[in-house]
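Just so we're on the same page: letters track the sequence lines, and every chain starts at 1.
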Number of protein chains: 2
Amino acid sequence: MGVTLKELAASLNLSPTTVSRALNGYPEVNAKTRKRVRDAAERANYHPNTRARSLATGRTHAIGHVIALSDSHEIVNPVFADFIAGAGEAYSRAGYEMVLSMVPDSDEAQAYRDMIARGAVDGMIVHGPKLNDPRIALLTQLGVPFVVHGRSSGVDAPYSWLDINNNRSFRRATEFLLQLGHRRIALVNGLENMDFAMRRRNGYLQALHEAGLTPDPALMRQAEMTEVFGHSAATELMRLPDPPTAFLSSSMLVAYGLRRALVDQGCRMGRDVSVITHDDDLSYLPNGRDVPLFTATRSSVRDAGRKAAEMVLSLISAPGQGPLTCLMETTLIVGESTGPAPGSRPRDTARQ
Amino acid sequence: MGVTLKELAASLNLSPTTVSRALNGYPEVNAKTRKRVRDAAERANYHPNTRARSLATGRTHAIGHVIALSDSHEIVNPVFADFIAGAGEAYSRAGYEMVLSMVPDSDEAQAYRDMIARGAVDGMIVHGPKLNDPRIALLTQLGVPFVVHGRSSGVDAPYSWLDINNNRSFRRATEFLLQLGHRRIALVNGLENMDFAMRRRNGYLQALHEAGLTPDPALMRQAEMTEVFGHSAATELMRLPDPPTAFLSSSMLVAYGLRRALVDQGCRMGRDVSVITHDDDLSYLPNGRDVPLFTATRSSVRDAGRKAAEMVLSLISAPGQGPLTCLMETTLIVGESTGPAPGSRPRDTARQ
DNA sequence: TGCAAAATCCAAAGCGTTTTGGAAAATGAT
DNA sequence: ATCATTTTCCAAAACGCTTTGGATTTTGCA
């Protein structure tokens, strides 16, 4: 508890009104007194009490994030930290706070309700949307500005979202592999009740169809995206009678696991078997130093966090503007993990 | 903005006072009316406005976490997400909020100051303490309850902390390797201006000394703990004229990199070269499925988060009790990455 | 100089709670 | 039936800020 406005005003022989206005940049205060006030505030390390301010203004200057911790598979999504970091930057630049609520996913809906009913936040970010995600309807009904990180297939009503082009991203990656001559391409995906995983799968399927290939269900796996999953998936897939010559992975960690399994089998990545992974550009999972370890579809989730935060702030400052959307394209970067399919000449020089 | 207390009171023909007391469990209210009030509150989904409540009580029911994002090496510590998850659980159980502030590390001190001056939090958690960390003095001076996740060598004044026994942990791991006959043991550490890294190094050195070995500076590396660092460190170390036969790693990700480099060199882990890593038991970095991939010193950082949160809550609810401390031991789990040093019979059967 | 307009300041109300200090009603003892 | 207690409730103040509606002073212009 620092200095209070009243005290500061008293020490300056001014009314609280004037001091408040001076600090908040209202025009009806003399330039000289404004400076006097500002200096005094600085010296006293005065910061208006957030609670009192928001009680008076009705705005909290806080954005809420609810993270559901599923009791069953207790995984904290690793992209979470970087996304939050990006969002946090934007918030602190704008003078906003971030309030986090981590709840068992059975209480998730109530967590959103509570935050809003208690007047704790001006807006929210929705993480990890699933297909037909009910949170979107809930929040629109509650009338709170919010932005979804991702989209939710099946939800028709308009809402604000920011997403990467998962479909095109995985379509391109698949095409790239096809051009290298690969015909049996495995998809090692995240859980496909997650919207992003579903879209990636669709992109992969579309590319196969356009190439006139029928997808083989045996080559498609989904699970929580860990290194261990990548390892077991690749191990099993390589033991098939007709194993894949290429892999598409949904995360760097999974790709690590793929690589380990491939090495175990005595394959060399980029020569015997190709791998493309999605790379969220996580700060602690750099994809190689100079030349990337993995050929990857890359998009910084930290940037996404920053942008999503800016979007929700914009929704708050200009409420009338209707849903905002932002679709970010990924870049396909070529690393050492891809090469022509063994025993087949590439159809065509791979475009970019 | 949900129902207000006044409205609820009006709808019940009661005064706000009575309704407040009924809901907060004060004795001076009839059991029947209390029930009536509680039911009505439930029906209306009434939640007291956090801001108003904390303005009135002087307590915010919020704990602050400041995360510094260094502009130079923009790494978000991967343990952060799991720690936060653990803490978040404890907070939401206790009806507390978590407010997060992510700032460039040049503004870090000011971020702590601000949070407190603005009356935004009742207590704080300090992340990633360095040697002689100035934040500890700052917060004690400001008089806010706080708990440090880790310790800060060089800070003498007492403070509350929760830490794992990094020293003993790495001492034991080193001893384990020595018992397996290893004599040249490399340490692939985190940045040693971090307190935890320094302690691990000391534990390692102590074990060597006790075994009558002089540490070789060429075998000790430190950097940001990424897979890529692990890879480059191991690659360089294995090219030494007299390469190590064992590695100690400070994180699972680094260990992944070590393993990749070793494989590149044609070594088999656990036979040609041994590896022990610290394992924070991160949810998305499981150490194998049945039998651990890596022999490891394990301690759940999520548990640590939970406990640290409980400690700060306890400091708040009982202010007089002086500094709380908690030293957690790690468990040394044996996986597939360790074995007897090549060309030397183990001194002794490894205890444990 | 005089007067309207602009500039500068302030008192007081209000935001949604909790809490203090009673008041009114019910109860118990005599 | 009377008085002292205890129950049960309420009016009003307070938390620290913003904001409305004036009041006072200064400025601009004729």
Side-chain angles (χ1 to χ4, degrees), chain A residues 1-38 40-41 44-62 95 97 114-122, chain B residues 1-38 40-41 44-62 95 97 114-122:
Chain A
M1 42 152 207
V3 204
T4 151
L5 179 69
K6 217 197 295 180
E7 292 165 9
L8 187 62
S11 81
L12 287 164
N13 282 324
L14 285 172
S15 76
T17 310
T18 308
V19 175
S20 169
R21 294 193 142 146
L23 294 174
N24 291 327
Y26 282 73
E28 54 267 272
V29 48
N30 194 326
K32 270 173 276 178
T33 49
R34 186 192 302 277
K35 173 150 177 43
R36 203 159 65 93
V37 171
R38 284 220 168 115
N45 192 36
Y46 168 77
H47 289 263
N49 182 301
T50 321
R51 312 281 158 162
R53 172 198 283 243
S54 72
L55 188 55
T57 59
R59 308 224 346 227
T60 64
H61 280 249
E97 285 175 355
D114 280 15
M115 271 214 182
I116 291 156
R118 297 186 308 191
V121 296
D122 291 336
Chain B
M1 40 150 210
V3 204
T4 153
L5 180 68
K6 217 196 297 179
E7 292 165 9
L8 187 63
S11 82
L12 287 163
N13 282 324
L14 285 172
S15 77
T17 309
T18 308
V19 175
S20 171
R21 295 193 141 146
L23 293 174
N24 291 328
Y26 282 73
E28 53 266 271
V29 47
N30 194 325
K32 269 173 275 174
T33 48
R34 187 193 303 277
K35 172 148 177 45
R36 203 160 64 94
V37 171
R38 285 219 167 117
N45 191 36
Y46 168 77
H47 289 263
N49 182 303
T50 322
R51 315 280 158 161
R53 172 198 283 242
S54 72
L55 187 55
T57 59
R59 309 225 344 229
T60 65
H61 280 247
E97 284 177 354
D114 281 15
M115 268 212 184
I116 292 155
R118 296 187 306 192
V121 295
D122 291 336

Should [X] be listed as having a side-chain N or O under 4.0 Å from OP1 or OP2 of [N]?
{"X": "A:Tyr46", "N": "D:dG16", "answer": "no"}
{"X": "B:Asn49", "N": "C:dC15", "answer": "no"}
{"X": "A:Ser15", "N": "C:dC10", "answer": "yes"}
{"X": "B:Arg53", "N": "C:dG16", "answer": "no"}
{"X": "A:Thr4", "N": "D:dC17", "answer": "yes"}

Out of [options], which has the shortest distance to the side chain of [X]?
{"X": "A:Thr17", "options": "D:dC9, C:dA11, C:dG16", "result": "C:dA11"}
{"X": "B:Ala52", "options": "D:dC10, C:dT8, C:dG16", "result": "C:dG16"}
{"X": "B:Ala56", "options": "D:dC10, D:dT18, C:dT17", "result": "C:dT17"}
{"X": "A:Val29", "options": "C:dT17, C:dC9, D:dC17", "result": "C:dC9"}

Contact class for A:Arg51 (heavy atom, under 4.0 Å): base, sugar-phosphate, or nothing?
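Counting heavy atoms under 4.0 Å across all strands, no contact is made by A:Arg51.
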Taking any heavy-atom pair under 4.0 Å as a contact, classify A:Thr57: base, sugar-phosphate, or nothing.
sugar-phosphate
B:Ile116 side chain near A:His47 side chain, heavy-atom distance below 4.5 Å
no
Mind checking salt bridge (Lys or Arg N to Asp or Glu O under 4.0 Å) for A:Lys6 and listing every partner two or more places apart, or none if nothing turns up?
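With neighbours one apart ignored, the set is empty.
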Taking for each residue the nucleotide of DNA chain C bearing the nearest heavy atom, is the 5' side occupied by B:His47 or by A:Thr33?
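Here A:Thr33 is the residue nearer the 5' end.
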Nearest heavy-atom contact between A:Ala120 and A:Thr60 is O-OG1, 3.6 Å
Could you tell me the separation between the [atom1] atom of [X] and the [atom2] atom of [N], rounded to a whole number of Å?
{"X": "B:Leu8", "N": "C:dT17", "atom1": "CG", "atom2": "C1'", "answer": "13 Å"}
{"X": "B:Glu7", "N": "C:dT17", "atom1": "CD", "atom2": "P", "answer": "9 Å"}
{"X": "B:Tyr26", "N": "C:dT17", "atom1": "OH", "atom2": "P", "answer": "15 Å"}
{"X": "B:Arg21", "N": "D:dC10", "atom1": "CZ", "atom2": "P", "answer": "11 Å"}
{"X": "A:Arg118", "N": "C:dT17", "atom1": "CZ", "atom2": "P", "answer": "12 Å"}
{"X": "B:Asn30", "N": "D:dT6", "atom1": "CG", "atom2": "C1'", "answer": "13 Å"}
{"X": "B:Lys6", "N": "C:dG14", "atom1": "NZ", "atom2": "P", "answer": "8 Å"}
{"X": "B:Lys32", "N": "D:dT7", "atom1": "NZ", "atom2": "P", "answer": "15 Å"}

Donor-acceptor under 3.5 Å (A:Arg34 side chain, A:Tyr26 main chain)
yes
Residue pair B:Leu23, B:Arg38: steps toward the side-chain contact (heavy atoms from CB on, under 4.5 Å) verdict
CA-CA 6 Å; B:Leu23 293 174; B:Arg38 285 219 167 117; 4.3 Å; yes
